[in-house]
Amino acid sequence: MKKYRPQEFESKWIKVWEEQPDPFQPTKEPKYYLVELPYTSGDLHIGHWFTFTIPDVLSRFKKMQGHDVFFPIGYDAFGLPAENAAMKRGVHPRDWTMANIETMTKQFKTMATMLNWEHMIIACEPEYYRWNQWIFLKMYEKGLAYRGSALSNWCEKDKTVLANEGIENGKCWRCGTEVVQKEIEQWFLKITDYADQLIWPENPEQQWPMSVRVGQNNWVGKSEGVELQFEIVDYKSPVTVFTTALDTIFGVTFLVLSPEHSIISALMDGTLKSSEIEKVKPYVNQAQKKTEEERKIGAKDKTGVFTSLYAVNPLNGQKIPVWVADYVLSSYGTGAVMGVPGHDARDHEFAQKFELPIVQVLKPADSIKDIKIEADGFWDYADIKVDYKDTAILLNSGEYDGLTSSEAKKKLEEYIQTKKIGEIKKQYHIHDWSISRQRYWGTPVPMIHCDDCGMHPVPEKDLPVELPYDVDFTPTGKPPLATNEEWMKVDCPKCGKPAMRDAETLDTFFDSAWYFYRYLSPHYTEGPFDTEEVKKKMPVDIYFGGSEHTLGHTLYARFFTKFFHDLGLVPFTEFADRRMEHGVILGPDGHRMSKSRGNVINPDDLVKEYGADTVRLYLCFMMPYEATAPWSTSSMQGAYGFLRKVWDIYTSGTYYSDEAQENADLVILLNKTIQSVTRDVDAIKMNTAIARMMELVNGWNDATRKAEKPVLSTANAKKFLQLLAPFAPLMTEEIWHQELGEKSSIHSSIWPVADKCKLKEATITMPVQVNGKMRATITVDATDVEEKAVVDVALTDATVKKYTDGKEYKVIY
RNA sequence: GCCGGAGUGGUGGAAUGGCAGACACGCUGGACUUAAAAUCCAGUGCCGUCACUGGCGUGUGGGUUCGACUCCCUCCUCCGGCACCA
């Protein structure tokens, strides 16, 4: 008997598989399994192993079942971290990224996956990003890519927009300059055009987790309401307000504008006079320094100042004061809110703090007897507690008496439309996707700016616009690409005069929004992807990945697919039939792994010591794919022990033979194991599948020891090895060849099917409950399971008798 | 605050209306060994018992049911996400 030494054969098989073409002939439908495009961060960590091993097991399993499995791999290679790392170490971002790809590829190959390297894509190669540019131009053509402006985190010294992560205590993470909010011109994608389509229906055909669907729907954040004009006293332009609760219009006691509102700008630059300008100015200046994050944190404590302006309620002509406050966001709705403190908690807080009148439209008559009421309403917004004694006034008009809230809303909507003081509007929380970055390491925006005739797209024949290698990508106050003056110069495609390239690059989420199409035909030159291949293999059967991409990546990917659908490139509107979000492997101390904590588990060391099969098996066994739990090397040794036991079984020569007198119970257990492993792997419950196999090995061990001779036929012994093959592909391959004398790969063999005749045991053990409490177990013949017979047996059981004798009982079988 | 998810032994977890704790880790005892490691065997939710029978037990309190970890309601805790969304 040989000792289990994975180091002696693991690398051999990895090499053999790499060199040999796949002899397997698929007979069933194609399957496309996908894991999110890994980022080229440096090293492969245990999390990568976890996220890729489980899909690999599924892939191997489906392949053995005869499917044509496509399980590709590639790299998300553009992005800020490469630039930052490069700056820190003085390496070029491209060289840094390529070195990482090389390292990671080497590490990936030690995992013994069936990943398809032939279809690999690397997002920073012109062959790939040329099609980013192509898609961008298509979107530009359709009006979906446009130049606009939005408030952004801005560093005045570096002259650059900062991501939220790039702000530390309100200051630029690089130079410490205070970050301000500034309107910045940038490229946008009009994802809002697809807002309605991105909302998941109640019962979609796709199996995406409820949490993801709800999260995305909330993010799209559709709400229906009206936009309403409030005239400003002694000023020409009115203020437009969005509300979903038009029926509370009679409860409006003030108007609040965001600090960025155009009326406030007019006050600031003196176009509009205000007697309160000395208070307004510092407030607005200070509000501009706050990030959205800070506004959120300070949200509970309302701030604001009176502008000295008054507005007119379009429904009842009441004059109300206009305030400015940073709890009103310019990024949602119209940046102006009608204050209804009687029915909105935030307005209520604001009114209380600044002693503004609070009015409720609703009057449950008996609760406010001391107030003179002109009409009984039916509005029900009872969650606001109002101190009526001090503040309640009644503005209701008799016209809306007796109506419910929604009836009143409808009537009011008709009224404002005929009077042309407002219109029905849908509002979305989601805003257009800002895709330009003043950065180097990304896809160049394929546009040309001509001083004479304006902005033009780069003609398709001139794609790709290649990213130049030589630029100064350290922050100098202008975009890195602009530092390469030669590269910037280009002839205007319209007038032919000297013009300039666009110096910005695309957000890396653009790259990853469509990569799964490119996998199918990574070198295709006629378009971004081969539509025939798409028809064959898409949509993706299961898309594995992390929950951090719920509101970013997967939403963008869905948007791109819907856009491709509209272009007629793909015949469906959702790219993935099923989504599975993995959990996290924590450090042994129960905290997230991080270099600073020193709790990082290195997979390379584990592979060296225990072999890839052990690491794979444990990753499958330690928890369900969706769970989060700490790593435990000692628990992993249990997986190693299991594999060693299996190894011993197959190499000792005493556990199975061609002429074995088979143990009938063991054969039944084997067939049950085949059944449950098949079911569990299919349902991606790898942990329980392995538990079932462990039970079989224990049973096999016991039976062999008792009989002191082989108890299973070689044919059956092969079946068990096949069940284990997707989990421990290397050891099973070694045994398959060396011990069982097979010539072709175990991974090309046909997945075993349970023998239905060998699933039933001769006797069945049944629990007996009396009054729902377990009292005994009885054993009955498997052929005699009629109710009467079983109950008779149960009633003769001594323990059961004790509880039933002399008592009335009902029999439930 | 809102939304989503989860609370089961010392630990990871299993059971989705019918024997709670499968399978592992850890721990305890034993075998082997000069010894240790490795390996093997036995035990391992709590209480009680020589032992069997028994009682209790799935975050809390209640409900539905012959029967609840599982379904319904209340509350608590933890994790993840977020948008003061007008």
Side-chain angles (χ1 to χ4, degrees), chain A residues 3 209-215 217-223 225 227-228 241-246 248 252 255-256 258 292-293 295-302 325-329 331-340 343-347 349-350 427-431 546-548 550-551 581 583-586 588 590 617-618 621-624 626-639 641-642 644-645 648 685 687-698 701 705 765-778 798-799 802 809-813:
Chain A
K3 257 196 137 176
M210 179 72 134
S211 57
V212 173
R213 284 169 11 228
V214 170
N217 284 356
N218 289 347
W219 187 254
V220 173
K222 182 181 184 171
S223 53
E227 271 188 9
L228 208 54
V241 158
F242 175 75
T243 179
T244 53
L246 185 58
T248 63
V252 173
L255 212 64
V256 202
S258 71
E292 286 226 355
E293 197 70 25
R295 283 201 191 179
K296 233 190 299 174
I297 292 161
K300 284 285 148 260
D301 191 22
K302 296 274 177 298
D326 66 7
Y327 82 90
V328 176
L329 305 175
S331 58
Y332 183 77
T334 60
V337 167
M338 60 182 212
V340 191
H343 297 287
D344 181 280
R346 295 151 300 167
D347 295 345
E349 275 172 27
F350 191 76
Q427 276 291 339
Y428 298 90
H429 160 251
I430 193 170
H431 26 77
S547 57
E548 68 273 24
T550 297
L551 300 181
E581 291 189 342
V584 182
I585 297 181
L586 305 171
L617 190 80
Y618 178 59
F621 182 59
M622 72 180 282
M623 62 181 182
E626 304 92 322
T628 292
W631 175 265
S632 160
T633 301
S634 66
S635 285
M636 192 200 63
Q637 285 164 349
F642 171 70
R644 205 195 47 240
K645 266 189 220 169
D648 291 348
K685 289 164 89 175
N687 53 334
T688 51
I690 293 168
R692 297 291 87 80
M693 290 191 280
M694 287 173 166
E695 278 170 319
L696 180 90
V697 164
N698 291 341
N701 246 326
R705 198 164 296 139
T765 306
M766 284 189 184
V768 181
Q769 295 177 348
V770 182
N771 283 332
K773 275 207 196 308
M774 238 289 289
R775 291 301 179 190
T777 53
I778 53 169
T799 318
K802 208 164 91 188
Y809 54 86
K810 193 166 94 187
V811 174
I812 297 159
Y813 179 60

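Throughout, a chain's letter reflects where its sequence line sits, starting with A, and its residues are numbered from 1. The figures that follow rest on heavy atoms only: side chains count, while hydrogens, waters and symmetry mates do not. All values derive from a computational prediction rather than experimental measurement.
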Per the glycosidic torsion and the 90° limit around 0, nucleotide G9(B) is syn

What integer number of Å spans the C1' atoms of G26(B) and A15(B)?
23 Å

Which value, in whole Å, describes the distance between the C1' atoms of nucleotides G80(B) and C46(B)?
34 Å

Scan Gly638(A) against the nucleic acid and name what it touches under 4.0 Å (heavy atoms): base, sugar-phosphate only, or nothing.
sugar-phosphate

Relative to the 5' end of RNA chain B, which residue comes earlier, Val212(A) or Met636(A), by the nucleotide with the nearest heavy atom?
Val212(A)

Say you draw a straight line from CE of Met693(A) to OG1 of Thr688(A); how long is it, rounded to the nearest 0.5 Å?
9.5 Å

Is the distance from OP1 or OP2 of U39(B) to the nearest side-chain N or O of Arg644(A) less than 4.0 Å?
yes

Under a 4.5 Å cut-off applied to non-hydrogen side-chain atoms, are Tyr618(A) and Thr633(A) in contact?
no

Does the structure show a Watson-Crick or G-U wobble partner for G7(B), both distances under 3.5 Å? Name it, or say none.
C76(B)

Below 4.0 angstrom from OP1 or OP2 of G4(B), is there any side-chain N or O of Arg213(A)?
no

Between the protein and nucleotides 30-33 of chain B, are there any N/O to N/O pairs under 3.5 Å, and if so, what are the atom names and distances?
none

In whole angstrom, give the distance that lies between atom CG of Asp326(A) and atom C1' of C85(B).
15 Å

Measure the distance from OH on Tyr428(A) to P on C85(B) and round it to the nearest whole Å.
19 Å

Please report the distance, rounded to the nearest Å, between NZ in Lys222(A) and C1' in A86(B).
18 Å

Which nucleotides of nucleotides 11-23 of chain B have their base under 4.0 Å from a protein heavy atom (B), which only their sugar-phosphate (S), and which neither (-), written as one string 5' to 3'?
-BSSS--BS--BB

Nucleotide opposite U60(B) in a Watson-Crick or G-U pair, distances under 3.5 Å:
none

Using Watson-Crick geometry (N1-N3 plus N6-O4 or O6-N4) or G-U wobble (N1-O2, O6-N3), each under 3.5 Å, A20(B) is paired with none

Should C40(B) form a Watson-Crick or G-U wobble pair with both distances under 3.5 Å, which nucleotide is its partner?
G30(B)

What I want to check is whether the side chains of Glu581(A) and Thr550(A) have a donor and an acceptor closer together than 3.5 Å.
yes

Minimum-distance pair of heavy atoms, taken over all atoms of Phe621(A) and Ala691(A)
CE1-N, 4.2 Å

With rounding to the nearest 0.5 angstrom, report the CD to CD distance, Gln427(A) to Glu227(A).
6.0 Å

Please evaluate residues Ile585(A) and Met623(A) with respect to the criterion side-chain contact (heavy atoms from CB on, under 4.5 Å), reporting the C-alpha separation (whole Å), side-chain torsions for both, the decisive distance (0.1 Å), and the verdict.
CA-CA 10 Å; Ile585(A) 297 181; Met623(A) 62 181 182; 3.9 Å; yes

Phe350(A) CZ to C84(B) P: how many Å, rounded?
16 Å

What's the separation between atom CG in Leu228(A) and atom CG in Leu246(A), rounded to the nearest 0.5 Å?
6.5 Å

Mind checking the P distance from C69(B) to G17(B)? Whole angstroms is fine.
13 Å

Is Lys302(A) positioned over the aromatic face of Phe350(A), cation under 6.0 angstrom from the ring centre and no more than 45 degrees off axis?
no

Residue whose closest nucleotide on RNA chain B lies nearer the 5' end, Ala336(A) versus Ser211(A):
Ser211(A)

Should the pair Glu349(A)-Arg346(A) be classified as a salt bridge under the 4.0 Å nitrogen-to-oxygen rule?
no

Measure from CE on Met338(A) to P on C85(B) and round the result to the nearest Å.
15 Å

Once you apply the 3.5 Å cut-off to both distances, tell me the Watson-Crick or G-U wobble partner of C46(B), or none.
G55(B)

Tell me the interatomic distance from Asn701(A), atom CG, to U39(B), atom P, rounded to whole angstroms.
14 Å

Can you measure Arg705(A) atom CZ to C41(B) atom C1' for me and round it to whole angstrom units?
8 Å

What heavy-atom pair brings Val241(A) and Met338(A) nearest, and what distance separates the two atoms?
CG1-N, 3.6 Å

Tell me, please, which residues at least two apart from Arg213(A) pass salt bridge (charged side-chain N to carboxylate O under 4.0 Å, His left out).
none

Now, which nucleotide makes the Watson-Crick or G-U wobble pair with C2(B), with each of the two distances under 3.5 Å?
G81(B)

Can you tell which of G4(B), C84(B), C40(B) lies closest to the side chain of Lys645(A)?
C40(B)

Between A20(B) and U58(B), how many Å separate the two C1' atoms, rounded to a whole number?
7 Å

Return the value, rounded to whole Å, for the distance between atom CE of Met693(A) and atom C1' of A24(B).
13 Å

Provide the Watson-Crick or G-U wobble partner of U65(B), both distances under 3.5 Å; none if there is no partner.
none

